[in-house]
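So the structure is just underneath, and the comments pick up after that.
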Amino acid sequence: MRTRVAIIGAGPAGLLLSQLLHNRGIDSVLLEARGREYCEQRQRAGMLEQATVDVLREAGAADRLEREGLVHHGIHLRFAGENRHIDFPSRTGGRSVTVYGQTEIVKDLIAKRLDEGARLYFDAPVTAIEGIDGDAPRVRFVRDGVEETLDCDFVAGCDGFHGVSRPAIPADVLRTYERTYPFAWLGVLADVAPSTDDLIYAYSERGFALHSMRSARVSRLYLQVDPDADLADWPDERIWAELRERLALPGWTLDEGPISDRGITPMRSFVAEPMSFGRLFLAGDAAHIVPPTGAKGLNLAMADVRVLADAFGRWFESGAREGLDAYSETCLRRVWRAEHFSYWMTTLLHHDSGASAFDRRAQVAHLRYVADSAAAMDSLAENYVGYTWAQ
Ligand code: FAD
Ligand code: DHB
């Protein structure tokens, strides 16, 4: 088999890249280790920056997003029995964010790609990537129990944190930067109308809680839990009781409903540099991970892919390699801004039982400052909607 760009991984990054390349007339083959159903059911992120909505629209994959996405103009910060709303449009030159589940983006992109006759193969794990330091890379994968090869001009590693692409970069070239946290998130999807207009980020001494949503009838809620927490220890009643306590505000009640999905996500910050080597380009979680507070993971993946599709476009149109050469540096600037913001939001809002009494008091002082100061709210808002550089 042969193609221009071999894309590994049908998460949001790989699917969007395949679509953007197709729209530019560039052929690709997309190889995904898991089945279609698994990819379409996996519950993950849901908060989209304006730039993410824009690139999906530009890709022609935003019809349902435009109908069903929920536009939000701010967030609530809740702590010590108080609630502060941070308005985004007035602080960011009119920008806002949209709630639309990552699973819905994945479903929309898979349907569109298959409709257009894409070579998108599920249950086709890549086992090896060869020749990325030359000009004829080759990807080995397994389909129906048979090993096959895919020859290509470039490989796009969109295979997430545990994929095979990042390890294909020689160890003496790759630098990695990592931070772990003494927390994880327990996330649930519940069949109940959200009890809030905008998302609520709540700090309490019992730990962090987040009230998000997926539609007018479905709520998405998260609880900070220990990194070794076990779902078996979290029956529905305990989840709701903990959410009620952590989100409590005088005069406000949390509506409850049947939980349809639950999962525990570990938290880490991670960056791999450079994001490219020879003819291999990493995008999304394959290159970087953020803790979910601040909702940057999915947005970073989409931003990488937009830069990469432009760079491939210029290469295949005119042989210009400047875009490809600049890819890693261009992306890493955005990545590190989001890494810092996500780390900052995480340490601001989570309760670290190992922290000193001084650190805890300083944390509450910091929270009060963020909720009081116009300058601090401006800073949170401009990062949350997606920081853009002046030039
Ligand atoms: P992924 O979505 O991970 O896609 C990678 C794909 O590559 C997968 O489908 C995988 O099966 C495939 N693959 C792996 N290895 C191979 C191989 N060898 N061959 C072929 N295919 C392969 N972000 C937030 O902002 N908020 C959240 O609440 C949030 N929750 C999350 C919960 C979980 C459990 C996880 C894992 C992530 C969460 N994230 C969240 C992060 C966000 O979902 C990711 O940043 C986003 O999925 C990145 O997209 P991606 O396409 O780069 O990678
Ligand atoms: C969602 C996830 C996040 O990590 C976040 O900060 C906001 C919203 C969500 O899944 O809706």
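We count ligands from 1, going down the list as the structure has it; atoms in each ligand are counted the same way.
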Could you check whether [X] pairs with [Y] (Lys NZ or Arg NE/NH1/NH2 to Asp/Glu carboxylate O, under 4.0 Å)?
| X | Y | answer |
| --- | --- | --- |
| Arg368 | Asp372 | no |
| Arg244 | Glu237 | yes |
| Glu49 | Arg95 | no |
| Glu339 | Arg179 | no |

Numbered atoms and elements of ligand 1 in range of [X], under 4.0 angstrom, heavy atoms:
| X | answer |
| --- | --- |
| Pro125 | 19 (N) |
| Glu32 | 6 (C), 7 (O), 8 (C), 9 (O), 10 (C), 11 (O), 12 (C), 20 (C), 21 (N) |
| Cys158 | 5 (C), 6 (C), 7 (O) |
| Val164 | 18 (N) |
| Pro12 | 2 (O), 49 (O), 51 (O) |
| Leu31 | 20 (C), 21 (N) |
| Arg34 | 11 (O) |
| Ile8 | 19 (N), 20 (C) |

Residues which pass side chain to side chain donor-acceptor pair (under 3.5 Å) with Glu40, listed by chain and number, not counting sequence neighbours: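 Here the qualifying residues are Arg36.
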
Does [X] reach ligand 1 with a nitrogen or oxygen that is under 3.5 Å from one of the ligand's nitrogen or oxygen atoms?
| X | result |
| --- | --- |
| His162 | no |
| Thr265 | no |
| Val126 | yes |
| Gly284 | no |
| Arg44 | yes |
| Ala33 | yes |

Option with minimal heavy-atom separation from atom 16 (C) of ligand 1, where the choices are Val290, Asp159, Thr103, Val139: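 It is Asp159 that holds the nearest heavy atom.
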
Closest to atom 51 (O) of ligand 1 among Gly157, Ala13, Gly9, Pro291 (heavy-atom distance):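 Looking at heavy atoms only, the winner is Ala13.
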
Heavy-atom protein contact below 4.0 Å for atom 39 (N) of ligand 1: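 For atom 39 (N) of ligand 1 the answer is no, since every protein heavy atom stays at 4.0 Å or beyond.
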
Non-neighbouring partners of Ser90 that pass side-chain contact (heavy atoms from CB on, under 4.5 Å), sequence neighbours left out: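 In terms of side-chain contact (heavy atoms from CB on, under 4.5 Å), with neighbours along the sequence ignored, Ser90 is linked to Asp87.
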
Closest non-hydrogen atom pair, Leu223 against Ala209: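 Minimum heavy-atom separation between Leu223 and Ala209: CD2-CB, 4.2 Å.
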
Please give the N or O to N or O pairs under 3.5 Å between ligand 2 and the protein, distances rounded to 0.1 Å.
{"from": "ligand 2", "atom 1": "4 (O)", "to": "Pro292", "atom 2": "O", "distance (Å)": "2.7"}
{"from": "ligand 2", "atom 1": "6 (O)", "to": "Tyr201", "atom 2": "OH", "distance (Å)": "2.6"}
{"from": "ligand 2", "atom 1": "6 (O)", "to": "Pro292", "atom 2": "O", "distance (Å)": "3.3"}
{"from": "ligand 2", "atom 1": "6 (O)", "to": "Gly294", "atom 2": "N", "distance (Å)": "3.3"}
{"from": "ligand 2", "atom 1": "6 (O)", "to": "Ala295", "atom 2": "N", "distance (Å)": "3.3"}
{"from": "ligand 2", "atom 1": "10 (O)", "to": "Gly46", "atom 2": "N", "distance (Å)": "3.4"}
{"from": "ligand 2", "atom 1": "10 (O)", "to": "Arg214", "atom 2": "NH2", "distance (Å)": "2.7"}
{"from": "ligand 2", "atom 1": "10 (O)", "to": "Tyr222", "atom 2": "OH", "distance (Å)": "2.6"}
{"from": "ligand 2", "atom 1": "11 (O)", "to": "Ser212", "atom 2": "OG", "distance (Å)": "2.6"}
{"from": "ligand 2", "atom 1": "11 (O)", "to": "Arg214", "atom 2": "NH1", "distance (Å)": "2.8"}
{"from": "ligand 2", "atom 1": "11 (O)", "to": "Arg214", "atom 2": "NH2", "distance (Å)": "3.4"}

We want to know whether [X] and [Y] form a side-chain donor-acceptor pair, criterion being a heavy-atom distance below 3.5 angstrom.
| X | Y | result |
| --- | --- | --- |
| Thr347 | Tyr181 | no |
| Asn23 | Gln19 | yes |
| Asp197 | His76 | yes |

Side chain Glu32, main chain Tyr121, donor-acceptor under 3.5 Å: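 Checking the backbone N and O of Tyr121 against the side chain of Glu32, no donor-acceptor pair under 3.5 Å is found.
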
Sub-6.0 Å ring centroid separation between Phe281 and Phe312: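 They qualify: ring centres under 6.0 Å apart.
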
Ligand 1 contact by Arg42, heavy-atom criterion under 4.0 angstrom: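 Arg42 counts as a contact of ligand 1 under the 4.0 Å cut-off.
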
Which segment of Tyr222 sits under 4.0 Å of ligand 1 when only heavy atoms are counted: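 The part of Tyr222 near ligand 1 is the side chain, not the backbone.
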
Residue portion contacting ligand 1 (non-hydrogen atoms closer than 4.0 Å) for Gln102: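 Within the 4.0 Å criterion, Gln102 contacts ligand 1 through side-chain atoms alone.
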
When you measure from [atom] to every protein heavy atom, which one gives the shortest distance, and what is it?
| atom | answer |
| --- | --- |
| atom 4 (O) of ligand 1 | Gly11 CA, 3.4 Å |
| atom 24 (C) of ligand 1 | Ala45 CB, 3.2 Å |
| atom 25 (O) of ligand 1 | Ala295 CA, 3.4 Å |
| atom 52 (O) of ligand 1 | Asp285 N, 2.9 Å |

Asp54 and Arg57: CA distance, side-chain angles, deciding distance, salt bridge (charged side-chain N to carboxylate O under 4.0 Å, His left out) verdict: CA-CA 5 Å; Asp54 291 346; Arg57 194 179 291 133; 3.3 Å; yes

Cation-pi check, Arg333 onto Trp389 ring (under 6.0 Å, within 45° of axis):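 Yes, a cation-pi geometry holds between Arg333 and Trp389.
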
Within 45° cone of Phe161 ring axis and under 6.0 Å: Arg166 NZ or CZ: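 Output yes; distance and angle both within limits.
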
Spacing of CZ belonging to Arg113 relative to CG belonging to Leu15, to within rounding of 0.5 Å: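 Going from the CZ atom of Arg113 to the CG atom of Leu15 covers 9.0 Å.
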
Residue pairs, two or more places apart or on separate chains, that pass side chain to side chain donor-acceptor pair (under 3.5 Å) and touch residues 149-160: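 Non-adjacent pairs meeting side chain to side chain donor-acceptor pair (under 3.5 Å): Arg2-Asp153, Arg4-Asp153, Arg138-Asp151, Asp159-Ser165.
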
Flag side-chain contact, heavy atom, 4.5 Å: Glu66 against Tyr100: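 The answer is no, as the side chains (C-beta and beyond) never meet within the 4.5 Å cut-off.
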
